[in-house]
Amino acid sequence: MNHPANKQSFTVTTPLYYVNDVPHIGHAYTTMAADTIARWQRLQHRDVLLITGTDEHGQKIERTAIAAGVDPQVHCDRIVERFDSLWSKLNIKYDRFSRTTAANHQSVVKDFFQRVWESGDIYQGTQQGWYCVACEEFKEERDLLADNHCPLHPSKQVEWRDESNYFFRLSKYQQQLEALYAERPDFILPNSRRNEVLKFVAQGLQDFSISRVNVDWGIPLPADPQQTIYVWFDALLGYMTALLEPGEEPTLDNALAQRWPINLHLIGKDILRFHAVYWPAMLMSAGLPIPDRVFAHGYFTKDGKKISKSEGNAIDPIELVDRYGAESLRYYFLKGIEFGQDGDFNETRFVEIVNADLANNLGNLVNRTLNMAKKYCQGQVPNCNAADISADNPLKVLGQKLGTQVSLAYDNLAFKEACEAIITLAHSSNKYIDDLAPWALFKQEKHAELAEVLYAALESARLAAYLLAPIVPKISTDIYRQLGLAIDFDLVGGNNLVGSDVNVSNLSASCQHHLEWGILKANDLLGEPRPIFAKLELPLVVSD
RNA sequence: GGCUCAAUAGCUCAGUCGGUAGAGUAGGGGACUCAUAAGCCCUUGGUCGUCAGUUCAAGUCUGACUUGAGCCA
């Protein structure tokens with residue numbers, strides 16, 4: 001993730017989601033993770049751009065709209081609204097929402113197409129074969145199910161196509177791609193996904209078609225306006241369009257002037273091939289630098305079973321967030337699942353994890369410590385400073401290492417590891433309090449010792465809150481407020497909320513050293529203790 | 001059919017260079033009282049998917065197999 005040439009800026013993308021259907025839990029997962037990374041980078045004083053958006057062209061959209069009796073653009077607008085409202089519910093602070101139907105996107109696509117055209121990598125050819133509209137791809141006959149049904153869409157029949165199309169000379173880039181993977185072993189992560197790509201490329205690459213005839217809902221091909229650009233070619237370029245400043249003249253050069261190449265593409269494992277093979281090859285052809293990293297995360301099962309429409313066991317993210325709230329969901333998906341591996345969503349486990357960590361462990365730590373400070377220290381930070389606390393105080397020892405440790409975890413997208421390290425500090429703090437029994441120290445009038453113990457515990461809670469802020473910003477803000485620190489972790493970046501720009505620099509400046517242990521100042525006024533997280537109720541067990 | 005990854009406690013997962021298996025959580029018990037019946041301590045849980053091989057020694061290395069997830073335009 002190092003980006004020496006442009007160290008202060010960090011650009012991360014979610015996929016541009018295909019608008020053939022309303023958002024599902026997978027969309028929410030990728031976007032929560034992207035938002036967490038973006039928030040982390042902003043806290044580290046980087047100039048962050050979080051890009052999300054929608055991919056709106058293609059025959060599938062056209063047909064879905066027609067079936068619903070609306071204009072494709074109307075259909076897209078409706079779905080986009082659903083996405084945007086979910087992002088708002090999940091407290092996602094994106095900077096750019098890139099739509100492939102936006103006017104400026106067409107110009108960028110034209111410019112890019114022109115570059116690839118000039119490098120001689122586009123040619124006209126014929127493509128015959130079975131086409132699945134749902135996949136927007138040609139299929140090999142041997143892969144089809146009985147009666148020409150698509151293996152990925154068993155309810156749909158493939159259609160025979162015999163088209164004159166334009167092709168991209170992917171085959172030309174096999175060696176360059178293999179060199180790229182070899183030179184940059186962490187271009188594709190995790191490793192298991194990288195292996196898949198390596199094998200795929202080693203089999204030999206075939207040129208792929210980048211245009212469609214008889215699809216009106218798309219961007220006309222500059223070289224032949226009778227055809228439209230294949231959705232994937234179009235969609236990947238949406239990342240570039242997103243880099244344009246609002247109102248800027250929409251040229252490719254302008255789009256790439258500031259932030260190209262992108263630091264991180266976060267994707268689901270289903271679209272790895274497009275991002276790890278086609279996309280870098282397209283960029284090579286256009287003579288452009290390649291993004292730093294493509295990270296493919298896993299899929300979910302629900303209670304151990306594959307999620308599918310026919311099973312009717314889809315997880316509706318809107319229903320979940322309405323029932324449990326954004327902070328719980330964000331915490332569960334990032335702490336409860338190893339990022340990069342497949343995970344399971346189980347409601348009981350969800351409630352258990354969130355309650356154990358956020359209410360019992362961290363929540364209770366904050367609450368009990370503040371209550372003691374209120375009773376024993378007149379509601380002030382105990383009269384003690386970090387420097388006065390001995391170097392072998394267990395919480396100081398842990399706290400001084402934690403910032404580095406958690407930074408590393410976030411930089412590696414190891415969210416689970418980050419949470420575990422933070423919760424370990426909270427546990428150690430609870431144990432430390434029990435061991436030293438401040439209530440007894442108070443009765444014995446050992447005020448200096450009492451101050452030290454409570455200071456160490458409060459400061460550890462503060463550090464935990466700071467480090468968790470990218471995941472649970474509202475809880476962190478609440479803990480900070482109770483500690484008497486007026487920092488709102490939600491006023492960080494993101495153009496989808498009014499007034500945020502102003503606050504970005506203020507915020508990262510106001511918590512410049514908060515990664516370190518020992519920020520609370522002796523005798524500062526504390527806030528009123530109040531539970532930071534109300535426990536969730538276990539779902540009723542329904543027997544089938 | 002080819003390939004990738006996974007399989008360890010009820011659940012979710014660690015397990016480095018091969019040296020007789022760990023954590024969190026859930027279950028059981030205890031002492032405490034500052035606290036959200038939270039926290040702390042102790043504790044019950046494992047033939048490490050199966051079978052072979054290499055080795056003084058295999059969760060770990062090798063091969064085959066089983067099951068699951070995925071990729072093969």
Side-chain angles (χ1 to χ4, degrees), chain A residues 127 129 131-132 135-140 142-143 151-152 167-168 170-171 190-209 230 232 268-274 276-278 296 298-301 303-307 332 335-338 340-346 348-377 416-417 419-421 423-424 426-443 450 453-454 457 529-536 538:
Chain A
Q127 179 144 353
Y131 191 78
C132 173
C135 298
E136 300 280 16
E137 274 179 0
F138 282 89
K139 296 282 157 184
E140 296 292 323
R142 57 159 199 258
D143 291 333
L152 298 180
F167 285 77
F168 172 67
L170 180 66
S171 54
N191 241 309
S192 53
R193 299 294 154 206
R194 179 170 180 268
N195 290 344
E196 271 181 17
V197 171
L198 256 41
K199 289 284 176 187
F200 173 74
V201 173
Q203 280 170 22
L205 294 173
Q206 291 171 26
D207 299 344
F208 70 97
S209 142
Y230 173 50
W232 263 109
K269 62 187 183 180
D270 51 327
I271 54 176
L272 180 61
R273 205 177 67 223
F274 298 99
V277 183
Y278 294 14
Y299 270 8
F300 288 100
T301 50
D303 303 321
K305 281 185 194 159
K306 199 169 166 175
I307 295 173
Y332 174 76
K335 156 75 197 283
I337 286 135
E338 191 75 41
Q341 291 181 25
D342 287 345
D344 185 53
F345 183 82
N346 171 275
T348 304
R349 192 170 111 79
F350 162 74
V351 169
E352 278 175 4
I353 286 184
V354 167
N355 282 348
D357 289 359
L358 297 181
N360 298 349
N361 199 335
L362 180 62
N364 191 232
L365 170 68
V366 171
N367 196 237
R368 70 194 298 211
T369 315
L370 277 164
N371 269 297
M372 286 190 274
K374 186 180 176 183
K375 285 181 189 169
Y376 307 150
C377 307
K416 183 179 176 165
E417 203 183 308
C419 290
E420 278 171 354
I423 292 300
T424 297
H427 162 75
S428 301
S429 305
N430 276 318
K431 179 174 166 53
Y432 174 76
I433 290 171
D434 279 39
D435 288 348
L436 296 181
W439 48 92
L441 296 174
F442 179 71
K443 282 174 195 156
L450 175 65
V453 172
L454 290 184
R530 197 167 46 93
I532 56 154
F533 183 84
K535 279 204 206 184
L536 303 180
L538 269 168

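Chain letters run A, B, ... following the sequence lines, proteins first and then strands; every chain starts at 1. No hydrogens, no waters, no symmetry mates; every other heavy atom, side chains included, goes into these values.
Distance, A:L370 CG to B:C34 P: 16 Å, rounded to whole Å. When rounded to the nearest whole Å, the span between CG of A:N355 and P of B:U12 equals 19 Å.
Listed candidates were B:A14, B:G70, B:C72. Nearest to the side chain of A:Q341 is B:A14. Distances were taken from every side-chain heavy atom of A:N364 (C-beta onward) to each of B:C72, B:A26, B:U36; the shortest belongs to B:U36. For A:R273, taking side-chain heavy atoms from C-beta onward, the closest of the listed nucleotides B:U36, B:C71, B:U4 is B:C71. Relative to the side chain of A:N195, the nucleotides B:C40, B:A38, B:U4 differ in distance, and B:U4 lies closest. Which of B:C34, B:C11, B:U25 sits closest to the side chain of A:K443 comes down to B:C34. The listed nucleotides are B:A73, B:G70, B:U12; the one nearest the side chain of A:K416 is B:U12. The A:F533 side chain lies nearest to B:U36 when the options are B:U36, B:U25, B:A38.
Look at B:G18: it lacks any Watson-Crick or wobble partner with both distances under 3.5 angstrom. Both distances falling under 3.5 Å, in either a Watson-Crick or a G-U wobble arrangement, place B:A6 opposite B:U67. In a base pair of the Watson-Crick type (N1 to N3 plus N6-O4 or O6-N4) or a G-U wobble (N1-O2 and O6-N3), with each distance short of 3.5 Å, B:A35 is matched with no nucleotide. Base pairing annotation: B:C40 forms a Watson-Crick or G-U wobble pair with B:G30, both donor-acceptor distances under 3.5 Å. With a cut-off of 3.5 Å on both Watson-Crick or G-U wobble distances, the partner of B:G24 is given as B:C11.
Ring centroid separation for the pair A:F167 and A:F208 does not come in under the 6.0 Å cut-off.
Using a 4.0 Å heavy-atom criterion, one finds that A:I532 contacts the bases of the nucleic acid, with or without backbone contacts as well.
Using a cut-off of 4.0 Å between Lys/Arg side-chain N and Asp/Glu carboxylate O, A:E196 and A:R193 are scored as salt-bridged.
For B:G39, the base has a donor-acceptor partner in the side chain of A:D434 [N/O atoms by modelled type, under 3.5 angstrom].
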